[in-house]
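Structure, as structure tokens:
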Amino acid sequence: MADFLLDDLNPQQRLAVTAADGQVLVLAGPGSGKTRVLTRRLAYLIDRKNVPAYDIIAVTFTNKAAREMENRVSNLVRANIDGIWLGTFHAMCARLLRRESASLPFTSNFVIFDSDDQETLVKRAMRELKIDEKMHRPASVHAAISAAKNDLLGPTEVQTRNYREEVVARVYALYESMLRTNNAVDFDDLLLWGAKLLRENPAIREKYASKFHHVLVDEFQDTNLAQYELLQHLSSLHQNIFVVGDEDQSIYRWRGADYRNVLRFEKDFPKCEKILLEQNYRSTQVILDAARGVIDQNHNRTPKHLFSERGAGNKIIKYDGVDDHAEAGFVVDTIAGYLGGKKSKASDFAVMYRTNAQSRLIEEAFMHAGIPYHLVGAQRFYGRREVKDIICFLRLVENPADEVSLQRVVGVPPRGIGEKTIQNLQAAANQAGISSGEALLDLGRSNEKSVFWPLIGRSAGLLADFGAQLAEWCTLKEKLSLVNLFERILLDVGYENYINDQTDEGIDRWENVEELKRLALDFQERGLTEFLQNLALVSDQDTIEDQEEQPQAEDTSSVTLLTLHAAKWLEYRQVFIVGMDEGILPHSRSRDDPEEMAEERRLFYVGITRAKDQLYLVRAERRSTFGDYDYGDPRAFCRISTTGSSSTRANAAPPAEPARKRI
DNA sequence: TCGCCAAGACTTTTT
DNA sequence: GTCTTGGCGA
């Protein structure tokens with residue numbers, strides 16, 4: 001009898017999908033049908049094992065992956081799957097924290113600070129502590145705090161072996177208390193508090209551990225320590241945990257991801273069933289062999305023998321341009337050649353690079369040649385100034401205690417309120433033991449009669465005006481629909497005039513505001529709170545790639561330009577990896593650290609395995625960096641077999657020539 | 001307080 | 001090369 005759930009799976013995939021209860025570790029090479037296995041497993045549990053959907057939690061790393069999985073599973077099973085907990089780690093944790101806020105130091109309507117907000121708050125903490133921002137850059141202090149949180153370390157638990165670490169600890173402590181007064185959590189907190197909550201409250205832990213009979217995890221190699229602990233707690237009772245990942249594709253170490261969680265899993269669950277998915281449905285054997293030549297140099301992993309039934313395929317083509325212009329020229333000329341032949345369309349091609357800065361020259365070359373192209377993930381919609389402005393206005397209306405938003409929008413557009421006035425407001429509010437937002441609202445209500453009036457100085461009137469404005473919005477929040485509130489705020493502050501100066505840039509910015517308004521329209525029924533939460537947790541990559549899913553007319557097809565990191569989910573017939581120079585790929589900052597070099601190899605590996613038919617490795621003899629020219633050195637990563645005849649050839653390459661001098 | 005100019009920085013960016 | 005930041009004058 002035909003079985004649509006299992007028939008089209010290969011033996012390894014079927015083994016994984018139908019595995020017995022317990023712990024299952026699926027190591028899935030690139031293009032081996034990882035998503036398919038995960039969705040079929042979910043469908044199998046629900047449809048064949050009669051597991052109710054609400055007994056299952058399945059976590060992914062992107063909203064897009066979660067949405068896709070939900071759609072596919074609901075198409076595969078007869079049962080209704082509404083009760084399933086399916087989403088990103090962060091969204092699942094946000095839900096958990098809102099439900100259990102009684103046991104937490106914030107209320108259930110907490111706001112979520114994104115990385116920009118985090119950095120703003122770090123800066124404020126540093127100023128308050130009078131720490132020199134030249135010596136300790138806020139970005140790096142922020143990174144240190146974030147890393148500590150990913151390792152589940154609180155402000156009193158971080159190491160203070162030297163002055164720098166001590167500075168970080170002090171900033172961390174103040175930063176943390178500032179989050180509390182803002183009733184806010186940051187991205188990292190969602191995971192940290194989630195793990196802490198379950199660790200320290202046995203009753204709550206048991207509640208969820210008994211609820212979730214099955215725990216499923218996607219992209220397991222990119223979990224951090226907090227996520228790992230979370231998974232342990234959630235599966236602590238029923239012990240049914242099914243994880244899918246590939247340690248060779250772990251490329252987010254700098255954000256706390258630790259591929260060694262795969263090893264940890266094997267150690268913590270010695271009885272786990274380990275299944276390797278090695279049949280690749282994407283690439284030719286030549287490409288897979290090249291990829292293997294790169295990745296086999298890494299340690300602490302399970303070796304995999306990726307194979308393809310697609311045959312050897314074309315040789316990998318290497319190209320050394322004289323400079324970066326020649327590099328871009330080669331890419332564009334090659335693609336132009338194919339497009340002239342009519343057999344290929346622009347969307348068959350992708351150009352991948354290590355750093356975003358490399359895209360500029362390539363873009364110019366495409367523009368010059370008149371070939372349509374688009375960038376993936378370069379300009380983050382939610383990171384745009386105008387988008388962030390509006391979000392902060394809305395956040396302030398939702399939660400006037402949000403000091404980060406207040407500070408941002410109090411002078412947008414400029415209304416005569418500057419640094420000094422804000423400082424006075426903060427000091428006055430501090431003294432009264434309330435937030436600046438509350439003090440501002442009081443000023444708006446009582447004007448000169450407010451106790452804060454004399455403490456502000458010259459601009460008290462301006463501040464009171466803004467406070468009254470904010471108070472009005474807060475009242476309107478209850479009466480108007482989300483979109484009407486949105487429009488009202490824009491109108492009240494004259495935002496369109498401010499942002500749209502009729503230049504191309506101004507028009508573009510205003511269009512972004514309108515795009516945000518369209519998004520708000522989808523949340524008319526759910527309201528402001530949910531809209532804001534969604535904005536915090538649904539970001540960037542999700543929205544951009546959605547357009548890819550619905551390719552429009554043929555003539556809009558274009559070449560894709562993207563960083564190697566952004567390439568992870570994608571595949572193309574022909575892939576160009578450019579900038580194959582020591583210092584760029586592998587990146588110079590990785591040179592001295594073997595773990596970092598291993599990550600560069602994984603990044604390269606991810607890039608190689610995106611190619612279905614044809615791979616090009618391109619480099620330049622010299623390239624301009626920040627104005628003047630540098631000579632590159634084609635070391636480690638250019639030693640790669642182009643014919644696939646021997647995957648060990650990459651290791652046996654002659655030693656690299658010494659780096660050439662710079663002119 | 002705001003807007004302009006010069007100086008300095010500059011890997012990657014699932015949430 | 002280009003974006004952000006900080007200092008200074010109007």
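Naming convention: chains lettered A, B, ... in sequence-line order (proteins, then strands); numbering from 1 in each chain. Everything numeric here is computed off the predicted structure, so don't read it as measured data.
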Review point. Of the candidate nucleotides B/dC2, B/dT13, B/dT14, which contains the atom at the shortest distance from the side chain of A/P414?
Key: B/dC2
Review point. Taking atom P in both C/dT5 and B/dT12, what distance in whole Å separates the two?
Key: 16 Å
Point to revise | Which nucleotide in B/dT15, C/dG6, B/dT1 has an atom nearest any side-chain atom of A/R127 | key: C/dG6
Check your understanding: Does one side chain, of A/D389 or A/Y495, offer a donor that lies under 3.5 Å from an acceptor on the other?
Key -> yes
Review point. With no hydrogens and no angle check, do the side chains of A/N512 and A/R509 hold a donor and an acceptor under 3.5 Å apart?
Key: no
Exercise for review: Answer yes or no: side-chain N or O of A/R360 and base N or O of C/dT2 forming a donor-acceptor pair under 3.5 Å.
Suggested key: no
Exercise for review: Would you please classify the geometry between the A/F265 ring and the A/F220 ring as parallel, tilted or perpendicular, with 30° and 60° separating the classes?
Suggested key: perpendicular
**Study point:** A/K420 side chain, from C-beta outward: closest of B/dT12, B/dT1, B/dT14
**Key:** B/dT1
Check your understanding: What nucleotide, of B/dT15, B/dT13, B/dC2, holds the atom closest to the side chain of A/S115?
Key -> B/dT15
Study note, to complete from the structure: Here the distance between atom P of C/dG1 and atom CG of A/L361, to the nearest Å, is 11 Å
Practice item. Can you tell me the distance, in whole Å, between the CZ atom of A/R255 and the C1' atom of B/dT14? Key: 6 Å
Check your understanding: Does A/Y208 have A/R99 sitting over its ring (NZ/CZ under 6.0 Å from centre, angle to axis within 45°)?
Key -> no
Check your understanding: Given atom CG of A/L375 and atom P of B/dT13, what is their separation to the nearest angstrom?
Key -> 11 Å
Point to revise | Mutual orientation of the aromatic rings belonging to A/H565 and A/W254 [parallel < 30°, tilted 30-60°, perpendicular > 60°] | key: perpendicular
Point to revise | Pair A/E229-A/H233, side chain to side chain donor-acceptor pair (under 3.5 Å): steps then yes or no | key: CA-CA 6 Å; A/E229 188 181 319; A/H233 293 315; 2.8 Å; yes
Study note, to complete from the structure: A/D188 CG to B/dT13 C1', in whole Å, measures 13 Å
Review point. Could you state the CD-C1' distance from A/Q221 to B/dT14, rounded to the nearest angstrom?
Key: 11 Å
Check your understanding: Has A/T355 got a side-chain N or O lying under 4.0 Å from the OP1 or OP2 atom of B/dC10?
Key -> no
Practice item. For A/E599 and for A/R415, find the nucleotide of DNA chain B with the closest heavy atom, then tell me which residue's nucleotide is more 5'. Key: A/R415
Review point. Is A/R137 near enough to B/dC10 that one of its side-chain N or O atoms lies under 4.0 angstrom from OP1 or OP2?
Key: yes
Exercise for review: Please determine if a side-chain N or O atom of A/N356 lies less than 4.0 Å away from the OP1 or OP2 oxygen of B/dT13.
Suggested key: yes
Study note, to complete from the structure: A/D114 CG to B/dT13 C1', in whole Å, measures 12 Å
Review point. Choosing from C/dT5, B/dT15, B/dT12, which nucleotide comes nearest the side chain of A/R354?
Key: B/dT12
Practice item. Classify the nucleic acid contact of A/L603 as base, sugar-phosphate or nothing, counting any heavy atom under 4.0 Å across all strands shown. Key: nothing
Check your understanding: Please give, in whole Å, the distance from B/dC10 P to A/Q358 CD?
Key -> 17 Å
Practice item. Measure the distance from CG on A/L564 to P on B/dT13 and round it to the nearest whole Å. Key: 9 Å
Review point. Using the rule for Phe, Tyr, His and the six-membered ring of Trp, do A/W254 and B/dT12 stack at under 5.5 Å and under 30°?
Key: yes
**Study point:** Under 4.0 angstrom between A/K568 side-chain N/O and B/dT12 OP1 or OP2
**Key:** no
Check your understanding: Does B/dT13 have OP1 or OP2 sitting under 4.0 Å from an N or O in the side chain of A/T563?
Key -> yes
